[in-house]
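Nothing here was measured: the structure is a model prediction, and the numbers come from that model.
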Amino acid sequence: MPRRRRHSPDTVARMRQELLGWYHRNKRDLPWRRTTDPYAIWVSEIMLQQTRVAAVIDRYTAFLQYFPDIQSLAKAHEQDVLALWSGLGYYRRARMLHKAAQSVVSDHNGVMPTTAEGLRSLPGIGSYTAAAIASIAHNEPIAVIDGNVERVLSRIQGWHSHDTISEAAVRRKVDDFAQTLIDPRHPGDYNQAIMELGATICTPRNPQCLVCPWARECHTLGEHRTPKRAAMTTREIACALITRETESRTEILLEQRAAANTVMPGLWELPSIELTKSLKTAHVFTVRHAIMQVNYIVHVYSLPTESISSSAARCNWISADRASSMALTGLARKILTKAHVIPSRSRHQLPHPPSRE
DNA sequence: GATTCGTGGTC
DNA sequence: TGACCAAGAAT
């Protein structure tokens with residue numbers, strides 16, 4: 001027996017009109033909405049994965065300035081790609097984007113696949129990103145399902161997992177509903193519109209139902225259940241701030257994380273030292289830095305070079321000027337900024353172009 | 001299906 | 001103020 005249809009074709013048509021009308025009146029002016037270049041759309045979608053719009057805007061602009069097309073990205077050094085990603089997090093995204101660009105050049109004659117199915121075969125492009133690029137850049141009528149879409153549609157229908165309905169089953173219902181709702185004439189705008197609604201109106205907390213274009217269709221007006229998260233743990237660590245002066249410049253000792261490391265491989269950070277061996281007299285300051293489920297309390301010590309022993313194989317003297325444009329971890333960037341070794345990034349100052357010798 | 005991967009803004 | 005979380009993908 002077929003499931004009861006909750007929305008007639010008329011209702012679907014009205015919802016499309018309500019959403020697209022709201023979007024055209026309220027959409028934010030974002031840099032990736034000013035282009036139709038599939039490569040630029042791609043870069044924006046990778047950066048936006050699990051990352052807020054506000055954090056992406058300047059990084060997107062800088063990335064496209066230094067890698068304006070697939071060819072320039074494909075021939076870049078990975079360290080320079082990571083340098084432009086420094087501080088954004090989830091660095092695997094940058095490495096996969098780089099590898100995917102090389103794959104497009106070597107295996108696809110330099111031309112990106114144009115369908116969601118084709119895009120899906122590139123590293124770093126999953127179902128969401130494939131649908132986003134195909135719909136926005138090529139008008140393919142395929143619905144995106146991200147955290148926003150899942151929340152918006154679940155709230156409208158009052159869907160949530162419980163004893164007899166698994167999360168996967170809810171997800172399948174959301175998929176079906178999303179694909180029913182998408183406007184086949186304006187798939188890119190429709191997909192961006194429903195995400196924009198989730199990001200600005202139908203937010204996780206305190207949804208603005210009074211101004212929501214879909215309030216009339218919504219069964220719950222903002223109800224949403226989220227699973228509890230694992231508690232954060234706290235860990236105390238220490239690192240060494242070691243500088244030296246040459247005739248013309250300040251240099252800082254930095255250590256490159258091993259390529260085999262599962263976390264942030266290849267990125268640069270301050271040499272770590274044992275907490276117990278740190279000297280109180282050499283203490284500079286303490287910073288807090290949360291990475292995933294761990295809240296780090298980081299003690300920074302100013303130490304002589306000799307205190308870095310046998311494990312210093314990956315250490316290099318780096319000029320302060322160059323350090324700021326390298327692939328630093330977010331923590332290293334935070335410490336070097338606080339210690340005034342490198343300048344803080346102003347909002348309008350783009351990251352320096354990758355420099356290599 | 002559950003884990004893992006970063007970071008900084010928000011309330 | 002610290003928990004929450006943001007346009008996911010890979011394994």
Do S319(A) and E251(A) pass the side chain to side chain donor-acceptor pair (under 3.5 Å) test, and can you show the C-alpha distance, the side-chain angles, and the key distance before you say yes or no? CA-CA 4 Å; S319(A) 78; E251(A) 293 183 333; over 6 Å; no

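- Across all strands shown, M264(A) has heavy atoms under 4.0 Å from sugar-phosphate atoms exclusively, and none from any base.
- Nucleic acid contact for L267(A): none, since no nucleic acid atom lies under 4.0 Å from a heavy atom of the residue.
- We find that E196(A) and R33(A) are joined by a salt bridge, their nearest charged nitrogen and carboxylate oxygen being less than 4.0 Å apart.
- In this structure, N148(A) places its CG atom 7 Å from P of dA6(C), rounding to the nearest Å.
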Checking H299(A) against F285(A) for the ring-ring contact (aromatic ring centres under 6.0 Å, His included) test, could you report, in this order, the C-alpha distance in whole Å, the side-chain angles of both residues, the deciding distance, and whether it holds? CA-CA 6 Å; H299(A) 298 281; F285(A) 52 70; over 10 Å; no

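- In this structure, a donor-acceptor pair under 3.5 Å is absent between the side chains of Q192(A) and W32(A).
- Counting any heavy atom pair closer than 4.0 Å across all strands shown, T129(A) reaches sugar-phosphate atoms only and no base atom.
- Residue R52(A) has its side chain nearest to dG9(B) when only dA7(C), dG8(C), dG9(B) are considered.
- With dA6(C), dT4(B), dA7(C) as the choices, the nucleotide that has an atom nearest any side-chain atom of M195(A) turns out to be dA7(C).
- Among the protein residues, R288(A) comes within range of no part of the nucleic acid, since none of its heavy atoms lies under 4.0 Å from any strand.
- The CE-P distance, from M47(A) to dG6(B), rounds to 15 Å in whole Å.
- Distances shown here put a side-chain N or O of Y91(A) below 4.0 Å from the OP1 or OP2 atom of dT7(B).
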Apply side chain to side chain donor-acceptor pair (under 3.5 Å) to T51(A) and R93(A), showing your working. CA-CA 11 Å; T51(A) 307; R93(A) 294 182 296 176; 3.0 Å; yes

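- Contacts of R33(A) with the nucleic acid, taken as non-hydrogen atoms under 4.0 Å apart, include base atoms.
- H289(A) has its ring centre no less than 6.0 Å from the ring centre of Y296(A).
- Nucleotides dT3(B) and dA7(C) are separated by 23 Å at their P atoms, to the nearest Å.
- Across all strands, A199(A) comes closer than 4.0 Å only to sugar-phosphate atoms, never to a base (heavy-atom distances).
- Taking atom C1' on both dC5(C) and dT1(C), the two are 16 Å apart, rounded to the nearest angstrom.
- Here the side chain of I291(A) is nearest to one of dG8(C), dA7(C), dT7(B), namely dT7(B).
- Nearest to the side-chain atoms of Q49(A) among the listed nucleotides dA7(C), dA9(C), dT7(B) stands dA9(C).
- Taking 4.0 angstrom as the limit, R205(A) places none of its side-chain polar atoms (N or O) nearer than this to OP1 or OP2 of dC5(C).
- For the residue pair N191(A)/S135(A), the side-chain donor-acceptor check at 3.5 Å is satisfied.
- With hydrogens and angles left out, the side chain of T51(A) and the base of dG6(B) share a donor-acceptor pair within 3.5 Å.
- Mapping E45(A) and L122(A) onto DNA chain C by nearest heavy atom places E45(A) at the nucleotide closer to the 5' end.
- In this structure, CZ of R345(A) is placed 13 Å from C1' of dG8(B), rounded to the nearest angstrom.
- One atom, CD of Q50(A), and another, P of dT3(B), lie 16 Å apart when rounded to the nearest Å.
- Residue contacts for W85(A): at a heavy-atom cut-off of 4.0 Å it reaches no nucleic acid atom on any strand shown.
- Proximity note for R229(A) (side chain, C-beta onward) versus dA7(C), dC4(C), dA3(C): the nearest is dC4(C).
- Residue contacts shown for A54(A) are absent, as no nucleic acid heavy atom lies under 4.0 Å away.
- Out of dA7(C), dG6(B), dG8(B), the shortest distance to the side chain of K334(A) is found at dG8(B).
- I46(A) comes within 4.0 angstrom of nothing in the nucleic acid, heavy atoms only.
- Here the nucleotide nearest the side chain of M292(A), chosen from dG6(B), dA3(C), dA7(C), is dG6(B).
- Comparing dA7(C), dC5(B), dG8(C) by their closest approach to the side chain of E196(A) singles out dA7(C).
- Sequence order on DNA chain B of the closest nucleotides to G89(A) and A168(A) puts A168(A) first from the 5' end.
- The phosphate of dA10(C) (OP1 or OP2) has a side-chain N or O of R120(A) nearer than 4.0 angstrom.
- Among the nucleotides dC5(B), dA9(C), dG6(B), the one closest to any side-chain atom of T262(A) is dC5(B).
- As rounded to whole Å, 15 Å separates atom P of dG6(B) from atom CE of M232(A).
- Out of dA7(C), dG6(B), dA10(C), the shortest distance to the side chain of D146(A) is found at dA7(C).
- Computed from coordinates, the D58(A) CG to dT7(B) P distance equals 18 Å when rounded to whole Å.
- Y90(A) places its OH atom 10 Å from the C1' atom of dA9(C), with the value rounded to the nearest Å.
- Here the separation of dG8(B) from dA9(C), taken at their P atoms, is 23 Å to the nearest Å.
- If you check the side chains of D69(A) and S72(A), you find a donor sitting under 3.5 Å from an acceptor.
- Between Q208(A) atom CD and dC11(B) atom P there is a gap of 10 Å when expressed in whole angstrom units.
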